[in-house]
Amino acid sequence: MTPITEVEGRRLALSNLEKVLYPATGFTKGEVLHYYATVAGVLLPHLRDRPLSFLRYPDGPGGQVFFAKNVPPGTPDWVTTAEVPRAEGPARMVLVQDLPSLMWAANLVTEFHTPQWVIQDPEEADRLVLDLDPGAPATVVECCEVALWLRERLAADGIEAYAKTSGSKGLHLLAAVRGSSSERVTEYAKQLAVEAERTMPRLALHRMTRSLRPGKVFVDWSQNAARKTTATPYTLRARPEPTVSAPVTWDEVEACAAPDELAFGAEAVAGRVRGHGDLLAELCEPGSAGQLPD
């Protein structure tokens, strides 16, 4: 029988808790749910008011992995949903606004992916993201070098950048912005990527062309498009081990000399949260957003 758990007054059926989702480490679905319950206080502010795209892997990363954007069948009526504009017509999507909704969603076994805008104003971007993706033999170490340059470049425009690991091979830079459409933020992000390539031609790349990728860091500016999403801070990833898209300090970025120095599993991230809180908390603070230059 599927156990029923009560979370803040909501009844949840949490299934298959002993199921191993990450065979490389033996990490179970129960441990996945425990992780999300532990980091809920820092994760929820980054999910709240943002339509959620699910990247589901119910049988683990080695099984079927698939995106789902519409409200899943059987969604409880107490989970918040909203109509979201799309090019092909409006769709209804999930908003994870509270702990019961988070635990319900986590029970589906999913990565959390969110856009750079909130449902109250889908026409205005409130985040800028740059996804630094290394082409072998480049690693996150080279991403850190590019990230430090981008941090200074953004600061010159009055925009404060924060860093997190992708939970895979690379690094994400995030900044709070205001007063611009997704189209304008995308244009600005592309300009930064082009400048990075011009300044560091042997290291940075603003084009996705595969033949150009080896040994370089692709500065992916395109995730600022309104229709696109990025892995939410603190989400577990569908990788062989339970790695997390984990916030990191700029001191850690500057000191990184080997890829494993910026690889964090669920247990490590839970410990970091207990010790440091949310390293990205400023992104959610009113008044922290920078304005893009004209």
Side-chain angles (χ1 to χ4, degrees), residues 21-25 27 31-32 35-36 39 43 46-47 52-68 106 109-116 127 129-148 150 161-174 189 193 203-206 208 210 212-224 228-249 252-253 256-270 272-273 279-280:
L21 293 176
Y22 294 89
T25 61
F27 203 73
E31 288 174 299
V32 167
Y35 165 76
Y36 280 117
V39 302
L43 170 57
H46 298 288
L47 288 171
L52 179 65
S53 293
F54 301 87
L55 181 60
R56 296 194 56 196
Y57 54 110
D59 295 315
Q64 187 181 15
V65 179
F66 56 96
F67 261 113
V109 187
T110 183
E111 292 185 2
F112 295 98
H113 289 246
T114 41
Q116 318 312 319
R127 292 283 184 276
V129 61
L130 292 166
D131 179 0
L132 308 185
D133 186 15
T139 67
V140 74
V141 175
E142 285 74 26
C143 291
C144 288
E145 188 174 343
V146 175
L148 291 166
L150 286 166
Y162 299 85
K164 68 181 180 75
T165 68
S166 68
S168 179
K169 300 177 296 180
L171 203 64
H172 295 163
L173 297 194
L174 303 170
L203 186 61
L205 188 68
H206 84 278
M208 198 182 292
R210 288 200 173 275
L212 302 175
R213 297 285 300 278
K216 294 188 177 182
V217 174
F218 172 44
V219 182
D220 186 355
W221 45 269
S222 69
Q223 291 181 31
N224 294 283
K228 292 202 173 183
T229 60
T230 304
T232 308
Y234 300 104
T235 187
L236 278 162
R237 304 304 306 265
R239 306 290 297 172
E241 297 187 9
T243 53
V244 174
S245 184
V248 292
T249 68
E252 288 176 308
V253 172
C256 182
D260 60 359
E261 294 177 13
L262 289 185
F264 300 102
E267 293 181 9
V269 171
R272 287 168 67 87
V273 168
L279 295 175
L280 302 179

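All residue numbers in this chain count up from 1 along the given sequence.
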Under 6.0 Å from the ring centre and within 45 degrees of the ring axis: does the NZ or CZ of R272 meet both conditions for the six-membered ring of F264?
yes
Spell out, as yes or no, whether a donor-acceptor pair under 3.5 Å connects the side chain of E142 to the backbone of A138.
no
Hey, mind stepping through L52 and F112 against side-chain contact (heavy atoms from CB on, under 4.5 Å) and telling me if it holds?
CA-CA 7 Å; L52 179 65; F112 295 98; 3.5 Å; yes
Compute the ring centroids of F67 and H113, then answer whether they are less than 6.0 Å apart.
yes
To the nearest 0.5 Å, what is the distance between OG1 (T110) and OH (Y57)?
7.5 Å
Is the closest side-chain donor-acceptor distance between T139 and K169 under 3.5 Å?
no
Is any side-chain heavy atom of P247 less than 4.5 Å from a side-chain heavy atom of Y162?
no
Heavy-atom nearest pair, V146 first then A204, reads CG2-CB, 4.3 Å
If I take atom CG from residue L171 and atom CG from residue D133, how far apart are they, to the nearest 0.5 angstrom?
11.0 Å
Using modelled atom types and a 3.5 Å cut-off, is there a donor and acceptor pairing between side-chain atoms of E111 and backbone atoms of A238?
yes
Taking L130's backbone N and O only, do any of them form a donor-acceptor pair with W221's side chain (distance below 3.5 Å, no angle check)?
no
Residue pair V219, L150: steps toward the side-chain contact (heavy atoms from CB on, under 4.5 Å) verdict:
CA-CA 10 Å; V219 182; L150 286 166; 4.3 Å; yes
Separation of Q116 CD from T230 OG1 (nearest 0.5 Å):
4.0 Å
If I compare all heavy atoms of A266 with all of F27, which pair ends up nearest, and what's the gap?
CB-CZ, 3.7 Å
Which is it for L205 and R213 under the side-chain contact (heavy atoms from CB on, under 4.5 Å) test, yes or no, and what are the steps along the way?
CA-CA 8 Å; L205 188 68; R213 297 285 300 278; 3.7 Å; yes
Ignoring hydrogens and angles, tell me if any N or O in the side chain of S166 forms a donor-acceptor pair with the backbone of S168 under 3.5 Å.
yes
Quick one: closest heavy-atom pair of P233 and L174, and the distance?
CG-CD1, 4.1 Å
Under a 3.5 Å threshold, yes or no: a donor from one side chain and an acceptor from the other, between T114 and T232?
yes
So which atom in S53 and which in T229 form the shortest heavy-atom distance, rounded to 0.1 Å?
OG-CG2, 3.7 Å
What are the two closest non-hydrogen atoms of C256 and V140, and how far apart are they?
SG-CG1, 4.3 Å
Is a side-chain N or O of Y36 found less than 3.5 angstrom from the main chain of L236, in a donor-acceptor match?
yes
Donor-acceptor pair, side chain of S245 and main chain of T165, under 3.5 angstrom
yes
What is the distance from atom CG of L43 to atom CG of L280, rounded to the nearest 0.5 Å?
11.0 Å
Ignoring hydrogens and angles, tell me if any N or O in the side chain of D131 forms a donor-acceptor pair with the backbone of Q223 under 3.5 Å.
no
Would you say that more than 12 heavy atoms from the other residues, nucleotides or ligands in this model lie under 6.0 Å from the CD of E267, or not?
no
Kindly compute the distance separating SG (C144) from CG (L262), expressed to the nearest 0.5 Å.
5.0 Å
With a 3.5 Å distance limit and no angle check, can you tell me whether T243 reaches the backbone of G167 through a side-chain donor-acceptor pair?
yes
Take F66 and L55, measure what side-chain contact (heavy atoms from CB on, under 4.5 Å) needs, and give me the verdict at the end.
CA-CA 6 Å; F66 56 96; L55 181 60; 5.8 Å; no
Provide the closest heavy-atom pair for A231 versus R237 in the form atom of the first, atom of the second, distance.
CB-NH1, 3.6 Å
Between H46 and Y234, what is the ring plane arrangement, given parallel below 30°, perpendicular above 60°, and tilted in between?
tilted
